[in-house]
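The structure presented is a predicted model; accordingly, all values stated were derived computationally and were not measured. The residues of the chain are indexed from 1 along the displayed sequence. Start at 1 and go down the list; that is how both ligands and their atoms are numbered.
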Amino acid sequence: MCGIIGYTGSKKSVPILIEGLRTLEYRGYDSAGVTVAEGGRLATVKSKGRLTDLEARLEKSAELLGNCGIGHTRWATHGEPSDTNSHPHATKNLALVHNGIIENYAEIEEMLKGAGYSFISETDTERAANLLDMFFCRSKDPLDAISHAIKVIRGSYAFGIIFKGFEDTIYAVRKDSPLIIAQNDEGGFIASDIPAILAHTNKYYRLDEGVIAKVGAKEISFFDEALAPVEQKLETIDWNVEQAQKGGYPHFMIKEINEEPEALKKTLEPRIRDGLPHFGIDALDGDLFASFSAIHIVACGTAMHAGLVGKAIIEKLARIPVNVEIASEFRYRDPILNKNDLVILLSQSGETADTLAALRHAKACGVYTLAIVNVIGSSVAREADSVLYTWAGPEIAVASTKAYSVQCALLYLLAVRMAMVDGKLTDGEAKAICESMLTDIPTSIEEALKLSDKICDIASKLVAAEHLFYIGRDIDYSIATEASLKLKEISYIHSEAYAAGELKHGTISLVTEGTPIVALTTVSKVCEKTVSGIREVKSRGAYVVSVCSSDLAGKYDIPCDEMLVIPQISELLAPFPAATVVQLLAYHVSALKGLDVDKPRNLAKSVTVE
Ligand code: AGP
């Protein structure tokens, strides 16, 4: 995820910017850059790659001695990682760093072209920089330019800006992307995250949405959109840098689970226009959706489990047959692919060797390929015919959580879009689902997160287990597969996911007194059947944890030892909070066992070998 630091004060800015960016490296980035104001000019140095690449460039360029500067680490969202696409973006009159995604960048580009502007990068940020430039040219007033620009911009942003003629001041404003402002005896700071300022002060202002900050070496002032002065609250933090990097959470995994509501909003909002799915931001041709007679979702691990959720929802809503394949099998087993098929490659990293090989195989067979990937410019993203980015931000914990949720969400949105093609869903029905996805999914996950303490209690009863089963039917079974993988990989407890009706065909022989079984029940049409399965294991002494929706908990007498009722949401969308609940369960078991939650043994975040 992108990182921002800015400094203006009595010291040279470059060392402070580099040191601040270094504390943000853990978030992942693909390029970095700084702009320093000196001698009446704004000098920008930037580079694709690591901070060391930027430092090497800084060494080669004339020494930047200025006391006011902004720095950025970029995690690409629009345009691949490159020198040109990296930040800051400079115009004749200003330099800008940006975190977030500007949704109407194409409209802004059109407007600016009409005013004579041209562009050198593929980024939404360069459009924003030029928009600010246009307004600044009119008034020569930074605050006025910012207040005009933010009225035009749609999307999420945290901006840090230095204007020519105002070279000792940093301006900042944000929406849906965090930004903090701080000050000590030696100057003023802006930063996207607390770790970047902790070496200088532990006091900071968390900038409110729509408030413009004017940060000088000795004075900080805040203005509302009408440019009237406003106050911001000074806060104090007692975290060290490591705690701050984890946002105060003990592990990245729990931080990332808590980021799910925001990640889902970021993934969905830009793709819902006038209430309906719209993939214009991905340059995906709408006609595409009418052309497929079968779909193959190919992926590994957690991403493959998201594919199982995708299969359930695409088949339910769009009635297109979906085949979910493990990439390492697909690539060698000579799958039957027809020219009207679509192959969807799901991958958080976009670098998984098996998924990449499967993509190449599909392309060699002449089949249309669509990548759903979290890392911009990754190999899978580059090689597929089309790509949808999940915009979950970097996932640092090896165990995938938020990336899974956003993969599922994009597959839901594709399902709705495909179902609209020949009227399997009317516009009204599709709108109702989209509306509910935008609002109810994040809200229900926020509610699910509040169950964390209760889930931790239940986890304490599972830590001694040697093996465990997750059961469910229909889409609950799909969730169970991921729940089981999550527990295995971080708690080292052997676990299996079973379709609830399948246990009796053999595996039930393993169920004895105290065997833990986590039973998912969110699907009304099969709930009664799952409950029968639960009775069968209960009567053999199983210790049953029920994860169920509130409606079904009220309607059926679910025999269990513990019950986790997921927050109220339509049955269609229940997999989202249910997934969060089982992720939390796996997390707490691992944390209670004192294991290395974020880096489980033998595992790598990205499996780039066969
Ligand atoms: C998830 O918790 C795993 N660590 C793993 O299964 C992962 O999902 C798999 O290796 C696929 O990775 P990708 O999404 O980066 O392709």
Specify the closest pair of heavy atoms between K311 and I297, including all atoms of both residues, with the distance to one decimal.
->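 Here K311 and I297 meet closest at N-CD1, 4.2 Å.
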Per-atom contacts of ligand 1 with [X], taking only distances under 4.0 Å to non-hydrogen atoms:
X    : answer
Q348 : 13 (P), 14 (O), 15 (O), 16 (O)
A303 : 8 (O), 14 (O)
G301 : 6 (O)
S400 : 1 (C), 2 (O)
S349 : 13 (P), 15 (O), 16 (O)
A399 : 2 (O)

E489 contact mode with ligand 1 (heavy-atom cut-off under 4.0 Å) =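 Side chain only.
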How does K486 reach ligand 1, by side chain, by backbone, by both or by neither, if only non-hydrogen atoms under 4.0 Å count?
->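 Only the side chain of K486 comes within reach of ligand 1.
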Nearest neighbour of atom 13 (P) of ligand 1 from the list T355, L345, T352, on a heavy-atom basis =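 The nearest heavy atom belongs to T352.
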Among all the protein's non-hydrogen atoms, which is closest to [atom], and how far away is it?
atom                    : answer
atom 10 (O) of ligand 1 : V607 CG2, 4.0 Å
atom 7 (C) of ligand 1  : T302 N, 4.1 Å
atom 9 (C) of ligand 1  : C300 O, 3.7 Å

Between [X] and [Y] (salt bridge meaning N to carboxylate O under 4.0 Å), is one present in this structure?
X    : Y    : answer
E447 : K450 : yes
E315 : R319 : no
E260 : K402 : no
R271 : D282 : yes
D83  : K46  : no

Quick one: does NZ or CZ of R601 land under 6.0 Å from the six-membered ring centre of Y492, within 45 degrees of the ring axis?
->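 Yes, R601 lies over the aromatic ring of Y492.
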Establish, for the pair K246 and F252, whether the NZ or CZ atom is under 6.0 angstrom from the six-membered ring centre and no further than 45 degrees off its axis.
->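 Yes, cation above the ring, under 6.0 Å and within 45°.
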Looking at ligand 1, does V398 have a heavy atom less than 4.0 Å from it?
-> yes
Looking at residues at least two apart in the chain, or sitting in another chain, which of them share a salt bridge (Lys or Arg N to Asp or Glu O under 4.0 Å) with D474?
-> K525
